[in-house]
There are 2 protein chains.
Amino acid sequence: MDTLPRYAVPTPRTGTAALGARRGSGSDTAPETPGGLLARKLGNFVDLSDQEREVLDDLVRQHRQYGPREHLSLENGHSRSVSLILEGSACRYKILPDGRRQILTLFIPGDLCGRCLPDLDLGDESIVTLTAATVAVIPRQAFAPIIESYPRVARALAWNAMVEEGVHREWIVNIGQRTGYERIAHLFCELFHRLAAVGLTQGLRCELPLTQGELADALGLSAVHINRTVQQLRSDGLICLRGRELTILDFAALQSAAMFDGQYLHLSQAARRIEAGTMRTYPDL
Amino acid sequence: MDTLPRYAVPTPRTGTAALGARRGSGSDTAPETPGGLLARKLGNFVDLSDQEREVLDDLVRQHRQYGPREHLSLENGHSRSVSLILEGSACRYKILPDGRRQILTLFIPGDLCGRCLPDLDLGDESIVTLTAATVAVIPRQAFAPIIESYPRVARALAWNAMVEEGVHREWIVNIGQRTGYERIAHLFCELFHRLAAVGLTQGLRCELPLTQGELADALGLSAVHINRTVQQLRSDGLICLRGRELTILDFAALQSAAMFDGQYLHLSQAARRIEAGTMRTYPDL
DNA sequence: CGGTTTTTTGACGATGTTCAACTCTTGTGG
DNA sequence: CCACAAGAGTTGAACATCGTCAAAAAACCG
C-alpha cells in the first residue's frame, strides 16, 4: 500500500465531456443497433454469424424499450422478464433488516438483468437503476425459440450467466481479502474493462456510474472511508476522479495495486482492445 | 451485539461422539444409498419419482468412488468431471498473488462440486477437501443422457446450481455488511441448515467441518479474531464449540444475531425438519 | 437562483490485525 | 502405551484499518 509507485498529480482538465451518453461519439467502435450491443457481449464467448446477430437484434427491437432515460426499479423477486440495459447503469442489491445495503451486481449497457432460464424466487433481492437508463424489457419466454433454434446463442447466454457468477466469486475475494484501497482499485479496473468491452471508454477515461455512497455499499466500506481512500488513489497518481468522470492515470500501477487479473471477466475482446488501443494512447505511462 | 439475550453456559458434555461419520447413526433419517443423497438434495426443488431416484442412484453407483475417506484435491481450472461429496467436506477457494486465501464455497455431503453443464475455464479457482472425504467422480458427459430424458431432473440440477449462486450472493452480503460476530453466527446458521437437510445433525448438534483458520479464510477475518469472536458467541450462550463439534444452544438468538433468513438456501425440507423436529428437542430454549 | 445531493473534513471510537508466545489436542511411530 | 511432533486453539499487547457523528463545502438540478 505504501510502497506503490508515486507520481506527480497532473489532474488533466480535459473538460467535462458527457461520457457514454451519446452512442458512437468518439468511443471506440460502439455498435449501431441496440441488439448489436447484446451481440457484441455474446461475441465474447462465441463468434456469431450475421444471422445470429440479426435474430438478437430483432429480439431486442421487438420488445418495448422504456425510454428515453429515466430512473426506474427493474423488478424484485421473481419476474417474468429480463431487462437488457441499453444506456445507463443498474445494480442488484440486498438490504438487511436494519437497513444496511449491499450492492451485489453492477449492470452496464449490454448486460442482462435477470436470467433467461426459469428462475428461482430470488427472495429479497432487488434491481434498480443507478443512473438514468434505457432498457429493453424482454419476456423470458421470448428467449425460448432462440435457445431452441440457435444452440450457439444458447451456449453464449449460458456462459454469459456463468461469467456473472464468476464476477460474484471475485467480489467475495475482493471484499473478503483486499483492503479498502485495493478494493476500490479493483472495482475500477473491473468496471473499466467491462465498459471498454462495450465501447464506452475514451482512451483511459470512462464514466463511473456510482456515487461514492454507492461505491461504499458495493465494497462493504463506509462512504467516508471511500472518500478518503479515493483521495489516496488520487495522490498516488493512479486515477483522476471528478464527478462521474474517471480517468485512469496509470493502468499498470492500478492493476498491480489491486492485484487485478481480468481473466475472470472472460472479455477477450476488451482485453485486446485496451492493450492494443487504449493503452497505446498514453504511451508515456 | 451487546443487547443479545444471555444465558448461563451449560457446556453440555455429551461425550465426543463421531458426528456425521457413520451414516444413519442416530442422525435424522439419513438416506441409505449414495445416490439417495443426491436425490434427497434435488428433492428440495422437485418431487422426484421412484424411477428418477433410481436413475440418480445408478449414476452415482456406476462411477468410481474414491474411498474410503482421504484428503484430496478435486481439480482446479476446468475439469471434465463433477464430484459428488458422499462423506466429509470440501471447499472452493481462490488465492491472491501474495498468499491471502478466500474460501468461496463450502461443500458438504450431497453437494456437487463443479457444474453439470459445459463450464468456462474457472481460472485460478481450486477445490480441495477440508476433511477426509469420500467422493463420486462423475464425468460431465454422464449427465447428458439424464438431462435429455428426465427434464425434471434437469430442472432440479439447474436450480441446484442457482441456489449455489444465491449462496454466493448471500456471502457477499455477509462479508460486506455484517460484523465479525454476525458473520460467524450467520455461517453457523447456514451450515446447520444445510447439514440438517442431508440428515447430518443430531438434535442441535453437528460437525463443524472447518478449523478456525479456515473459518477465517471463509469469512474474511483473521484466525485470531475468529477465536475471540467465537468465545464471545460462547459466553453469550449461543453456541458450544469444542473441537469439531458444534452445538447450537439458542437457535432463535443465533439466527436473530446473524439476521439469518434461510430462504436463500431453498431447503424446504430442512427448514421443516429443523422447526418440527430439532427445535422441539430443546423446548426450554 | 434555491434546494438537494454529493463530496469533503475533523475528531473520536470501535472493529479487526499482527506478532509472538503458550497451551491443548491429535495423530504417529517406537 | 507412551513420547513426540504437528497442528489447532488461546492469550496479550501494540497497532492499523475502518466506522460514526457532525458539519461545512462543492456540485448538481430544476
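Note on naming: letters A, B, ... go to the chains in the order of the sequence lines (proteins, then strands), and numbering restarts at 1 for each one.
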Could you state the atom-to-atom distance from [atom1] of [X] to [atom2] of [N] in whole Å?
| X | N | atom1 | atom2 | answer |
| --- | --- | --- | --- | --- |
| A:Arg242 | C:dT6 | CZ | C1' | 15 Å |
| A:Leu208 | D:dC28 | CG | C1' | 16 Å |
| A:Leu130 | C:dT5 | CG | C1' | 15 Å |
| A:Leu221 | D:dT20 | CG | C1' | 14 Å |
| B:Asp98 | C:dT18 | CG | C1' | 15 Å |
| B:Glu245 | C:dT25 | CD | P | 14 Å |
| B:Arg183 | C:dT17 | CZ | P | 8 Å |

Can you list, by residue number, the residues of residues 222-230 of chain B that have a non-hydrogen atom closer than 4.0 angstrom to DNA chain D?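 Heavy-atom contacts with DNA chain D come from B:Val224, B:Asn227, B:Arg228.
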
Are any of [X]'s side-chain N or O atoms less than 4.0 Å away from OP1 or OP2 of [N]?
| X | N | result |
| --- | --- | --- |
| B:Arg244 | D:dG9 | no |
| A:Arg100 | D:dG19 | no |
| A:Gln231 | C:dT9 | yes |

For residues 95-103 of chain A, run the donor-acceptor check on the side chains, cut-off 3.5 Å, and write out each pair with its distance to 0.1 Å, sequence neighbours left out.
from     : atom 1 : to       : atom 2 : distance (Å)
A:Asp98  : OD1    : A:Arg100 : N      : 3.4
A:Asp98  : OD1    : A:Arg100 : NE     : 3.4
A:Asp98  : OD2    : A:Arg100 : NE     : 3.0
A:Asp98  : OD2    : A:Arg100 : NH2    : 3.0
A:Arg100 : NH1    : B:Gln177 : O      : 2.6
A:Arg100 : NH1    : B:Glu182 : OE1    : 3.1
A:Arg100 : NH2    : B:Glu182 : OE1    : 3.4
A:Arg100 : NH2    : B:Glu182 : OE2    : 3.0
A:Arg101 : NE     : A:Asp217 : OD2    : 2.9
A:Arg101 : NH2    : A:Asp217 : OD2    : 3.2
A:Gln102 : OE1    : B:Gln177 : NE2    : 2.8
A:Gln102 : NE2    : A:Asp217 : O      : 3.2
A:Gln102 : NE2    : A:Ala218 : O      : 3.0

Hey, does the side chain of B:Thr229 reach the backbone of B:Gln232 with a donor-acceptor pair shorter than 3.5 angstrom? no

Side-chain donor/acceptor of A:Thr211 to backbone N/O of A:Glu214, under 3.5 Å: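 Yes; at least one donor-acceptor contact below 3.5 Å.
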
Can you confirm whether or not the ring centre of A:Phe251 sits under 6.0 Å from the ring centre of A:His193?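 Yes - the distance between ring centres of A:Phe251 and A:His193 falls below the 6.0 Å cut-off.
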
Return whichever of B:Gln212 or A:Arg178 has its heavy-atom-nearest nucleotide of DNA chain D closer to the 5' end. B:Gln212

Closest to the 5' end of DNA chain D, once A:Gly180 and A:Gly243 are matched to their nearest nucleotides, is A:Gly180

From A:Glu125, A:His168, A:Glu164, residue fulfilling side-chain hydrogen bond (donor to acceptor under 3.5 Å, both in side chains) relative to A:Thr105: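 Result: among A:Glu125, A:His168, A:Glu164, A:His168 is the only option passing the side-chain hydrogen bond (donor to acceptor under 3.5 Å, both in side chains) with A:Thr105.
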
Charged N to carboxylate O below 4.0 Å: is that the case for A:Arg178 and A:Glu170? yes

Just checking, any donor-acceptor pair under 3.5 angstrom between side chains of B:Gln231 and B:Asn227? yes

